[in-house]
Amino acid sequence: MAYDYKAIEQKWQKQWAEEQTFKAKQPQEFEGEPKPPFYVLDMFPYPSGAGLHVGHPLGYIASDIYARYKRHSGYNVLHPQGYDSFGLPAEQYAIQTGQHPAKTTETNIKRYREQLDKIGFSFDWSREVRTSDPKYYKWTQWIFIQLFDSWYDEAEQKSKPISDLVQIFEKEGNTEVEAVCNEDSVQFSAEDWKAFSKDEKEQHLLNYRLTYLAETEVNWCPALGTVLANDEIVNGVSERGGHPVVRKKMKQWSMRISAFAERLLSGLDNLDWSESLKETQKNWIGKSVGALVKFKIQNSKFGISAFTTRPDTIFGVSFVTLAPEHDLVTQITTPEQKEEVDNYIKAAAKRSERDRMADVKSITGVFTGAYAEHPLTNKPIPIWIGDYVLASYGTGAVMAVPCGDQRDHDFAKHFNIPIPNVFEGIDISEEAYTDKSNATKIANSDFLDGLGVLEAIPKAIEALAKIGAGEKKINYRLRDAVFSRQRYWGEPFPVYYVNGLPKMIDEQHLPLELPEVEKYLPTEDGAPPLGRATEWAWDTEANLVVSNDKIDHNTIFPLELNTMPGWAGSSWYLFRYMEEQNNRDQHIASDEALKYWNNVDLYIGGSEHATGHLLYSRFWTKFLNDRGVLPVDEPFKKLINQGMILGESAFVYRYKASGGEGRIKNDIYTTYDFVRSIKKELSKSKNIFIRENGIFDKDNNIIDSEIINKYSSILKKIYSLGQSNMLIMERSFDPIHVDVSLVNTSNQLDIEGLKSIKPEFKEAHFITEEDGKFIVGREVEKMSKSKFNVVNPDDVCEEYGADSLRLYEMFLGPLEQAKPWNTAGLSGVHNFLKKLWKLYQDEDQLLVSDEPASKESLKTLHKTIKKVTQDIEDFSFNTSVSTFMICVNELTQQKCHAREILEPLAVLISPYAPHIAEELWEGLGHSESISEVPYPKFEEKYLKEDSKTYPISFNGKMRFTMDLSLDLSKDEIEDIVMKDERTQKQLEGRTPKKMIIVPGKIVNIVG
RNA sequence: GCUCGGAUGGUGGAAUUGGUAGACACGUUGGACUUAAAAUCCAAUGACCAUUGCGGUCGUGCGGGUUCAAGUCCCGCUCCGAGUACCA
């Protein structure tokens, strides 16, 4: 029987599904001691309308190999899959077509599932999750309620129930408690608290809750009609669609992730993640240690706090700068300066993030007219505003030390503010001195004089603290995350409003399901799409969603109109998989299940989630751990980012007539070689003119060059298609993408095929090479529909089979590296599978024999076991595929058909190419699936060598090799090597100065 | 600007602690089989020189260095990619 991959793959995919081969067991299902658990997870996909391309399964294949390997190694493996099914594209499609996003999503999921099934993954589909399923988002809403019901105890670094905080407030007010809270919260005593009305108490508690409703400055994206979190903005524009983003104050739900900054940072140390990913998160959290310095404002009851990392330069302060958005600005500005300041604030607010970033160079600012007081010298310090100060970092105020900070220096110079120098022997007239090494000595600074930076910092803080003007402070760049989205297709908040204050729906009445709306757009008066729902009010007595016209603000109240962001559902999904479908009603997952599975042992996905999903899910995990819901405080122990698979785009080159000459009726397309050669010629002659009587350069001389002569017939053909004199210059050829499926492995274009599927090419002329072939140009780009370079895994499975696809994706290169997809290489791995097959059977019979294997074959096998096992542990899948190739090549050479070799080989290869492995295993006479057969054990004894082929080097250069016994001593080796005539020839009579002999490695003769 | 990666044949990429650079595969060329093609098999394939054979020189982005020995370690650069960006 020949290797019939189609039949084999269909057969086993069907069998795995029917027998639920890859269903993970819950701990209680074991009789006796449960197997050790191992949890392998992929970042679940958003089911987009475009379907999968070959880049998507890369990570899935890698994790599948690892999951299967772990099953062979005796683990109970949890390897689930699901869908992150809330999201923008389905909603945009709904806006355009009116089709309910749930319907689009369902269709797309079906397509994804079909594509995934064809690749033979060992997913446990019985545990599938979909974030848009009410049974799932019930628990997303539940977690939201828990966050609302919690505050953060800074002293213990732990989230606690809000009822504990209420007790503290009753006893001592909020003056003593170390709780993370909004900066604008005011102090109150126990008496104050007791005197507060119910609503006032609620209002104060919102300042402490881990999710809170507050008027905050948000990133508003008008084009998408929604706010965006910081991680959803790239280079000042929205990550999706690249739309501009402006700053706007809005009442929004926020997540107090900043409370967890320190734990999110220090927790990284214990994670097995790539350094670059940890680095990205570290930068995002942005911890800096310094001091908070308080300045009094002259003739004012207000004061300014500014964060600085250089309290040692406190005597160098010559002005203070506030962000234009700073609350104090309007309060302290003097009447004389008011107009100028107001204008500046208006202008600054109008500028989008992008504009502000675009001209970092220009220095702008305005003097407020007010003066602060230096805390140590009591000298007046002018207060300025400037948009180089960000409202969102620190306190939105900078104590400017122009001698020690370049931006302050630039600002001071620009506005002629004095630049006092506090560094001993340093010239700061041209630029600031930013070096922080301890060798620098502080000067002109009273009690700090002569101290190094490191000694001066604590001393300065101490002096400031003594007079109540400062304290040590750690500042984080990480901001609280905006959690509201003005969209339809997301989780509804389980929130209704009484007197404008948010109330949670009781847990037992969840889920609060998305209402129907007739359109998915915002309402005419700018409310989110849920504002269009007619049934969107909460009846607090019946505990039901009821019609809006029943709202009486007595027992029936309006519901929240925003929905949750995409990262809500993905922040905890890993724990949902731990529970089986029919046990999911009462909890996220049972305590036994959570305890047994713990967290994800191996997580594979794209690096684009470094600061979004991966940070938020760490936050939620820590929170749920604090509140006793989860037994772990990190979600993902080991994480690998798979590299992107790039597409190899194909180009034809359209001749573009220029200057009104040579107008062309139908497009003319030329080949890569032609364009490349002509461009080379153009680098010499600038312009080329084709006329009736020949080809000329710009001075009207006939061009006689190799290239022109070679292509003269093509040039004349182009001429004949045009209408008059033709000019060819550098920019005469536009590269145009053509569909890669119409290009064969030798880069030849199927012109007729192109014309038949793309009408715009129908009338076009394609100028082929002499041999009639049309060769396209190729370039590596990101795989995308618009570049016509997408390769669909279905097509690969059809032509070569899933096992070939799996092997090839791994063979392409290191998992974490970006690499181009080149279809030509597929035949190599496919041939390998055919060769493997032939070891077991030929056309009509099984070749496997029970004869003992040769020593050689055993060596080949064990060499392979050793290398492949090591490679899997190192996630070096590309090298294990070549190891298999070497193994099969050797066994073929040895004509090995011994069962003793072929059985373990089938197991070894089954994680990589599971279909063929199952088929071979069955052919060997086994009735059970190969998936849990114990992994072959490596035995050193088969690799024992008694001789080694030594490279014999002279001055470090290898000249020849010698087979020598490994038992020989250094002296004996020296003896034999020196006697060899080739050695004598190399030495040409010289006596070696030195001989380096490393037994088992190398011989190097110096001299 | 800063941080982190990376640079090896025509191509994708191998190369334990420094120890035979280019494994494996693609592509290309030649050959066998075939009426022919496909498939399969065999051989060659870093560049250059030499060639009857033996062989030699250069070679892992560039310039230095350490070492018996450097793709690998050190110093200085160039280019490419990713992240981040007025962070006080």
Side-chain angles (χ1 to χ4, degrees), chain A residues 2 234-236 274-284 286-288 290 293 306-310 313 320-321 323 356-357 359-361 363 386-390 392-401 404-408 410-411 475-477 607-608 610-611 641 643-644 648 745-746 778 807-808 811-814 816-829 831-832 834-835 838 867 870 874 876 878-887 889 949-961 985 992-998 1000-1007:
Chain A
V234 178
N235 293 330
S274 73
E275 276 313 309
S276 71
L277 188 63
K278 287 190 191 180
E279 197 64 33
T280 308
Q281 288 212 345
K282 270 182 204 161
N283 292 340
W284 191 261
K287 177 179 182 173
S288 25
V293 181
F307 174 73
T308 178
T309 54
R310 297 293 303 274
T313 61
V320 168
T321 319
R356 260 168 96 156
M357 271 166 31
D359 74 347
V360 230
K361 297 259 151 55
I363 298 161
D387 72 359
Y388 81 96
V389 181
L390 302 176
S392 60
Y393 183 77
T395 60
V398 170
M399 65 164 229
V401 182
D405 181 282
Q406 194 54 48
R407 281 158 322 193
D408 296 345
D410 294 343
F411 196 87
N475 196 47
Y476 299 91
R477 178 181 171 271
S607 56
E608 65 273 22
T611 50
N641 290 129
M644 209 191 324
E648 245 195 312
T745 52
S746 325
R778 304 219 83 156
L807 281 175
Y808 185 59
F811 188 57
L812 225 41
E816 294 176 81
Q817 200 174 296
K819 55 231 154 198
W821 178 267
N822 178 354
T823 310
L826 265 161
S827 63
V829 290
N831 280 344
F832 156 73
K834 283 198 239 173
K835 277 194 226 166
K838 281 190 200 157
K867 174 82 174 129
Q870 190 58 51
D874 296 343
S876 171
N878 55 327
T879 50
S880 40
V881 176
S882 18
T883 306
F884 283 127
M885 289 175 170
I886 294 166
C887 173
N889 287 348
T949 306
Y950 278 89
I952 312 297
S953 305
F954 292 81
N955 298 318
K957 279 182 187 159
M958 204 278 289
R959 294 296 150 171
F960 57 89
T961 58
K985 202 183 151 207
K993 286 196 196 109
K994 204 172 175 186
M995 270 191 89
I996 311 285
I997 294 165
V998 185
K1001 282 250 158 91
I1002 195 184
V1003 176
N1004 190 15
I1005 298 159
V1006 187

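Numbered from 1 within each chain, the chains take letters A, B, ... in sequence-line order.
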Taking the P atom in each of B/G55 and B/G65, what is the distance between them to the nearest angstrom?
32 Å
Stems involving RNA chain B: give each as a range paired with a range, ordered by first number, where a stem means at least three consecutive Watson-Crick or G-U wobble pairs under 3.5 Å.
B:1-7 with B:78-84, B:10-12 with B:24-26, B:27-32 with B:40-45, B:46-49 with B:55-58, B:61-65 with B:73-77
Output the single nucleotide from B/C68, B/G12, B/A88 whose closest atom is nearest the side chain of A/Val1006.
B/C68
Could you check whether A/Asn475 gets within reach of a base, just the sugar-phosphate, or nothing at all, counting any heavy atom under 4.0 Å?
nothing
As a test of the definition: with a 90° window around 0 for syn, would you call B/G46 syn or anti?
anti
Measure from the side-chain heavy atoms of A/Lys994 and tell me the nearest of B/A88, B/C4, B/C68.
B/C68
Short question: side chain of A/Tyr950, backbone of A/Gly1000 - any donor-acceptor pair under 3.5 Å?
yes
Picking from B/U40, B/A88, B/C86, which would you name as closest to the side chain of A/Thr308?
B/A88
Contact class for A/Asn889 (heavy atom, under 4.0 Å): base, sugar-phosphate, or nothing?
sugar-phosphate
Could you give the distance separating B/G19 and B/A25 at their P atoms, to the nearest angstrom?
24 Å
Which nucleotide wins on minimum distance to the side chain of A/Asn831, given the candidates B/U40, B/C68, B/U84?
B/U40
Does the side chain of A/Met958 come within less than 4.5 Å of A/Ile1002's, by heavy atoms?
no
Using the six-membered ring wherever Trp is involved, compare the ring planes of A/Phe954 and A/Phe960 and label them parallel, tilted or perpendicular (cut-offs 30° and 60°).
tilted
Student check: side-chain heavy atoms of A/Met399 and A/Asp408 closer than 4.5 Å:
no
Per A/Ile886 side chain, nearest of listed nucleotides B/C24, B/A21, B/A88
B/C24
Touch check for A/Asn1004, heavy atoms < 4.0 angstrom, all strands: base, sugar-phosphate only, or nothing?
base
Of the candidates B/A14, B/A25, B/C86, the side chain of A/Phe811 sits closest to B/A25
Check whether the side chain of A/Lys1001 and the base of B/U16 form a donor-acceptor pair under 3.5 Å.
no
What's the gap between B/U11 and B/U66 when it is taken at their P atoms, as a whole Å value?
34 Å
For B/G64 versus B/G13, give the span between their C1' atoms, rounded off to a whole number of Å.
30 Å
Taking the nucleotide of RNA chain B with the nearest heavy atom to each, does A/Ser953 or A/Thr879 sit closer to the 5' end?
A/Thr879
With rounding to the nearest 0.5 angstrom, report the CD to OG distance, A/Gln281 to A/Ser276.
11.0 Å
Quick one: which of B/U20, B/G19, B/A25 gets closest to the side chain of A/Val998?
B/G19
Tell me what A/Lys834 touches on the nucleic acid: a base, only sugar-phosphate, or nothing, going by heavy atoms under 4.0 Å.
sugar-phosphate
Pairwise distance CD(A/Gln817) to CG(A/Asn878) - rounded to 0.5 angstrom:
8.5 Å
With a 4.0 Å cutoff (strictly under), does any side-chain N or O of A/Arg959 reach OP1 or OP2 of B/U57?
yes
Checking B/A14, B/U84, B/A88 against the side chain of A/Asp405 (C-beta onward), the nearest is B/A88
Taking the minimum atom-to-atom distance to the side chain of A/Thr611, which one of B/A88, B/G19, B/U84 wins?
B/U84
OP1, OP2 of B/G5 versus side-chain N and O of A/Ser274: anything below 4.0 Å?
no
Between B/G56 and B/G1, how far is it from one P atom to the other, in whole Å?
48 Å
Does the side chain of A/Trp821 reach to within under 4.5 Å of the side chain of A/Glu648, using non-hydrogen atoms?
no
Phosphate OP1/OP2 of B/G12 contacted by A/Lys819 side-chain N/O (<4.0 Å):
no
Could you work out which one of B/A23, B/U20, B/U3 sits closest to the side chain of A/Glu279?
B/U3
Could you check whether A/Gln817 gets within reach of a base, just the sugar-phosphate, or nothing at all, counting any heavy atom under 4.0 Å?
sugar-phosphate
Taking the side chain as C-beta and beyond, is there a heavy-atom pair between A/Val398 and A/Tyr393 under 4.5 Å?
no
Should A/Asn878 be listed as having a side-chain N or O under 4.0 Å from OP1 or OP2 of B/G12?
no
Would you measure the distance from the C1' atom in B/C62 across to the matching atom in B/G6 and give it in whole Å?
16 Å
Calculate, to the nearest 0.5 Å, the distance between atoms CG and CG belonging to A/Asn955 and A/Asn1004 respectively.
7.0 Å
A/Arg310 vs A/Ile1002, nearer the 5' end of RNA chain B by closest nucleotide:
A/Ile1002
